[in-house]
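So the structure is just underneath, and the comments pick up after that.
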Number of protein chains: 2
Amino acid sequence: MDQERPVKLSDISKALNLSVSTVSRALNDSHEIGEETKRIVQSYASKVNYRPNLIAQSLKEMNTRYIAIIVPEISNSFFAEIVNGVEFVANNQGYHVVIYQTHDSTEREINIIRDVARRKADGLLLSPSTNQTDVNEVMKSIGAKLPVVYFDRVPSDNYCHKVVCDNYQAAFEATSWLIQQGKRRIAHMAGPSGISISIERLAGYSAALLHAGISVDPNLIRYSNFLAREAWDNLRDLEEKYQPDAYFASSDRLSFYCYEAVQMLPEPRATEVKIVGFTNATFAHLLRPKLSAIVQPAFEMGKIAAEMLLNTITKKNKNIEYGFIKLPAVLKNTE
Amino acid sequence: MDQERPVKLSDISKALNLSVSTVSRALNDSHEIGEETKRIVQSYASKVNYRPNLIAQSLKEMNTRYIAIIVPEISNSFFAEIVNGVEFVANNQGYHVVIYQTHDSTEREINIIRDVARRKADGLLLSPSTNQTDVNEVMKSIGAKLPVVYFDRVPSDNYCHKVVCDNYQAAFEATSWLIQQGKRRIAHMAGPSGISISIERLAGYSAALLHAGISVDPNLIRYSNFLAREAWDNLRDLEEKYQPDAYFASSDRLSFYCYEAVQMLPEPRATEVKIVGFTNATFAHLLRPKLSAIVQPAFEMGKIAAEMLLNTITKKNKNIEYGFIKLPAVLKNTE
DNA sequence: GTGAAAGCGCTAACAA
DNA sequence: TTGTTAGCGCTTTCAC
């Protein structure tokens, strides 16, 4: 019946009266093994259901043939699509993808990075959390062996691989569209200050306002971390004091918080206040009134990031050329 | 500056003029090592940023301290929450969780299971796809070494660990609620036939109809795989021929397809046709008209599944007692 | 064309 | 208390 313990090379070598090395070579289809021997070994191996122990293989070969990706939350469609793009490319090249979630905790993120290094992943895709300095620290401490590609939130320096969408452009277009709809008091629900995406989106928003001759009112700009609490406080305060006639939300979650808050307002504000936000949620278009969506090319971003990473993994000794790819986002649900 | 290659035990042992085993023991805080030596070794190790190679450790110890979970799609909130429940428990016990997606492909699923076995995960959480026989086949072929807990979609036999929600009860309540709303021609958008959840949900739906004295019309029951195409064809056909006054949808995706299809109908049907469906989507409550939701206790299910799995992993030699946990789902958004 | 043996980095039984 | 050594399962150099 079924073997109790997985069969290994030495089991086969004993059964067939061959050396372990011959068996290994035969299974790896080495040219220095006779056709006849190969046939015998391979057919016996498949008969007894031999599966190489990848742990042993990894230890020997000094690679694991998997890459890790660290995201804040997999339920966020944007990140889920990125992961899918990464898987698409990686699987095609015989790599597996291991997904980690930080749940927006820098502490978790740091532990995960350490773990990824200890487990000898061949590479890492990273969208670092708010606390860039701490993360940089860890990235240094794990040694030079781990190739990294950053995506979405990226460091400002140029000595790393990065894939992003054109946040400035997207924010500019979204804000301009709101202005075209006749909106003037446009609030900006921003993500954590200090990280790349927040800075660029704020810049695009401001530029659009100024371009239209509207002054930028700091009271209408609110930074929120990823806590619902914070976002809601900001929304309540904005409504009490400033009654914006539109919202520009900088993330998936903020978009939905905004939407929900606005829906709870008394009419006619509930239907008149327009919202545009970054979101890749598949069912965003079902909402009425509409939630206008800035959709990022997440799958594409994942593909490109994975390609960059696998390139640096395989081209070990070549001189490194750091890549910086920026893709356009698209504005949808604008009737 | 930074070491080019990760430091290993022998590096430390050389630097400190100690044997590798002493260093190993000192770092593992073995009682047979002098306090003084421990201090020296540990402080030096942290100075040079020593991190044990988990690959080597795994090979030696014959365990990897991680469990794998295979889900159809991480963007599906139901599965994302399950994963979070699993992570919660596993991380607390020092285990990591590796997430795999099948994208509803049996072929992918089988490859993943094989890979999980080859990479020597300590355990597996599995919600097997449609093709149970093929999956069973593989599960057998990988040998007895991999503890498994099934969740959501589970095998019918009793010689395995399972965690599910009470699909029969949930379907019964949902259908009964539609009947209370005065609906009579209630269509059932079912998942793939033959798997546990589909069977149970269909049973609950039928029982509720019969209980209310309504006969079960097979024309109103439509099975769909996970392809949008199939679901849409079913919906169109139902609308053309039978004009149901309500839909009971058996999955997240089907719920949203239904919702979208109904919204596209001419009034007054678009607002009168009621929909209730299984979904854990966070923003389902934002939809107007409402999408009534059967919400599964996914986080809880994940926690329980992980606990069962870690129990069987750690209690190696104890006699196995197979667990079967069934949790209630909740009906929401019913005004 | 095939075998013997070393070694990947670590732990632990056995010696001293 | 510390060192020596074998071995986890595999690949690969070197010898025959």
Side-chain angles (χ1 to χ4, degrees), chain A residues 3-42 44-45 48-65 115 117-122 142-143 145, chain B residues 3-42 44-45 48-65 115 117-122 142-143 145:
Chain A
Q3 66 285 352
E4 252 326 297
R5 115 185 120 55
V7 12
K8 51 194 181 185
L9 282 188
S10 66
D11 296 330
I12 302 183
S13 90
K14 269 169 210 149
L16 261 40
N17 255 316
L18 289 167
S19 77
V20 202
S21 43
T22 304
V23 176
S24 168
R25 278 184 278 236
L27 291 173
N28 291 325
D29 208 26
S30 159
H31 57 276
E32 41 185 356
I33 296 289
E35 284 309 315
E36 182 56 12
T37 321
K38 270 189 199 171
R39 221 187 337 275
I40 296 175
V41 172
Q42 286 172 356
Y44 182 79
V48 296
N49 239 306
Y50 170 76
R51 306 281 172 207
N53 180 329
L54 257 38
I55 300 285
Q57 226 167 326
S58 293
L59 182 60
K60 179 69 192 169
E61 313 242 283
M62 306 297 268
N63 68 34
T64 51
R65 308 223 26 109
D115 194 73
R118 280 198 290 249
R119 289 189 190 272
K120 307 294 171 187
D122 288 347
I142 58 175
K145 255 298 291 303
Chain B
Q3 66 284 354
E4 252 327 296
R5 116 187 119 54
V7 11
K8 51 193 180 186
L9 282 188
S10 66
D11 296 330
I12 302 184
S13 90
K14 269 170 210 147
L16 262 39
N17 255 316
L18 289 166
S19 79
V20 206
S21 45
T22 304
V23 175
S24 167
R25 279 185 276 237
L27 290 173
N28 291 327
D29 208 26
S30 158
H31 57 276
E32 41 184 356
I33 296 290
E35 285 309 316
E36 181 57 12
T37 323
K38 270 188 199 170
R39 222 187 337 275
I40 296 175
V41 172
Q42 286 172 357
Y44 183 79
V48 295
N49 238 306
Y50 169 75
R51 305 281 172 208
N53 180 330
L54 257 38
I55 299 286
Q57 228 167 326
S58 293
L59 182 60
K60 177 69 191 168
E61 313 244 282
M62 304 298 268
N63 68 34
T64 50
R65 305 216 38 99
D115 195 72
R118 279 196 290 247
R119 289 189 190 272
K120 307 293 173 189
D122 288 346
I142 58 176
K145 256 299 289 302

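Computed over heavy atoms, backbone and side chain alike; hydrogens, waters and symmetry mates excluded. Chain naming here is simple, since letters A, B, ... match the order of the sequence lines and numbering starts at 1 in each.
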Exercise for review: Give B:Ser10 one of three labels, base, sugar-phosphate or nothing, depending on what nucleic acid heavy atoms sit under 4.0 Å from its own.
Suggested key: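 Here B:Ser10 touches no strand at all.
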Review point. Contact class for B:Leu18 vs. all strands (heavy atom < 4.0 Å): base, sugar-phosphate, or nothing?
Key: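 Since only primed, P, OP1 and OP2 atoms lie under 4.0 Å of B:Leu18, the category is sugar-phosphate.
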**Study point:** Earlier contact from the 5' end, DNA chain D, for B:Ala56 and B:Lys38
**Key:**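 Counting from the 5' end, the first nearest nucleotide belongs to B:Lys38.
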Review point. Is there a donor-acceptor contact under 3.5 Å linking the side chains of B:Arg65 and B:Asn63?
Key: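 Note: B:Arg65 and B:Asn63 side chains miss the donor-acceptor criterion.
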Heavy atoms, side chains only, cut-off 4.5 Å: are [X] and [Y] in contact?
{"X": "B:Thr22", "Y": "B:Val41", "answer": "no"}
{"X": "A:Lys14", "Y": "A:Ile12", "answer": "no"}
{"X": "B:Lys120", "Y": "A:Asn53", "answer": "yes"}
{"X": "B:Asn28", "Y": "B:Arg25", "answer": "no"}
{"X": "A:Asp115", "Y": "B:Leu54", "answer": "yes"}
{"X": "B:Leu18", "Y": "B:Thr37", "answer": "yes"}

**Study point:** Straight-line distance of B:Leu27 CG to B:Tyr44 OH, nearest 0.5 Å
**Key:**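 Here the interatomic distance stands at 12.0 Å.
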Practice item. Could you tell me the separation between the NE2 atom of B:His31 and the NZ atom of B:Lys38, rounded to the nearest 0.5 Å? Key: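 Here the interatomic distance stands at 9.0 Å.
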Measure all distances between protein nitrogen or oxygen atoms and nitrogen or oxygen atoms of nucleotides 12-16 of chain C, and list the pairs falling under 3.5 Å.
{"residue": "C:dA13", "atom": "N6", "partner": "B:Arg25", "partner atom": "NH1", "Å": "3.0"}

Review point. Quick check: does any side chain N or O of B:Gln42 sit under 3.5 Å from a backbone N or O of B:Ala26, one acting as donor and the other as acceptor?
Key: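 The answer is yes, because a donor-acceptor pair under 3.5 Å joins these two groups.
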Atom [atom1] of [X] and atom [atom2] of [N]: how far apart are they, to the nearest Å?
{"X": "A:Lys14", "N": "C:dG3", "atom1": "NZ", "atom2": "P", "value": "15 Å"}
{"X": "B:Arg119", "N": "D:dC10", "atom1": "CZ", "atom2": "C1'", "value": "15 Å"}
{"X": "A:Leu59", "N": "C:dG7", "atom1": "CG", "atom2": "P", "value": "14 Å"}
{"X": "A:Ile55", "N": "D:dG9", "atom1": "CD1", "atom2": "C1'", "value": "11 Å"}
{"X": "A:Ile12", "N": "D:dT11", "atom1": "CD1", "atom2": "C1'", "value": "15 Å"}
{"X": "A:Asn63", "N": "D:dT12", "atom1": "CG", "atom2": "P", "value": "10 Å"}
{"X": "B:Lys8", "N": "C:dT11", "atom1": "NZ", "atom2": "P", "value": "14 Å"}
{"X": "B:Leu54", "N": "C:dT11", "atom1": "CG", "atom2": "C1'", "value": "14 Å"}

Should [X] be listed as having a side-chain N or O under 4.0 Å from OP1 or OP2 of [N]?
{"X": "B:Gln57", "N": "C:dG9", "answer": "no"}
{"X": "A:Ser58", "N": "C:dC8", "answer": "no"}
{"X": "B:Tyr50", "N": "C:dC10", "answer": "yes"}

**Study point:** Position toward the 5' end of DNA chain C (nearest nucleotide), B:Asn53 or A:Ser19
**Key:**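 The residue whose closest nucleotide sits nearer the 5' end is A:Ser19.
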Review point. Using the C1' atoms of five pairs at each end, what's the angle between the two axes of the helix from C:dG1-D:dC16 to C:dA16-D:dT1, to 10 degrees?
Key: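 Answer rounded to 10°: the end axes differ by 50°.
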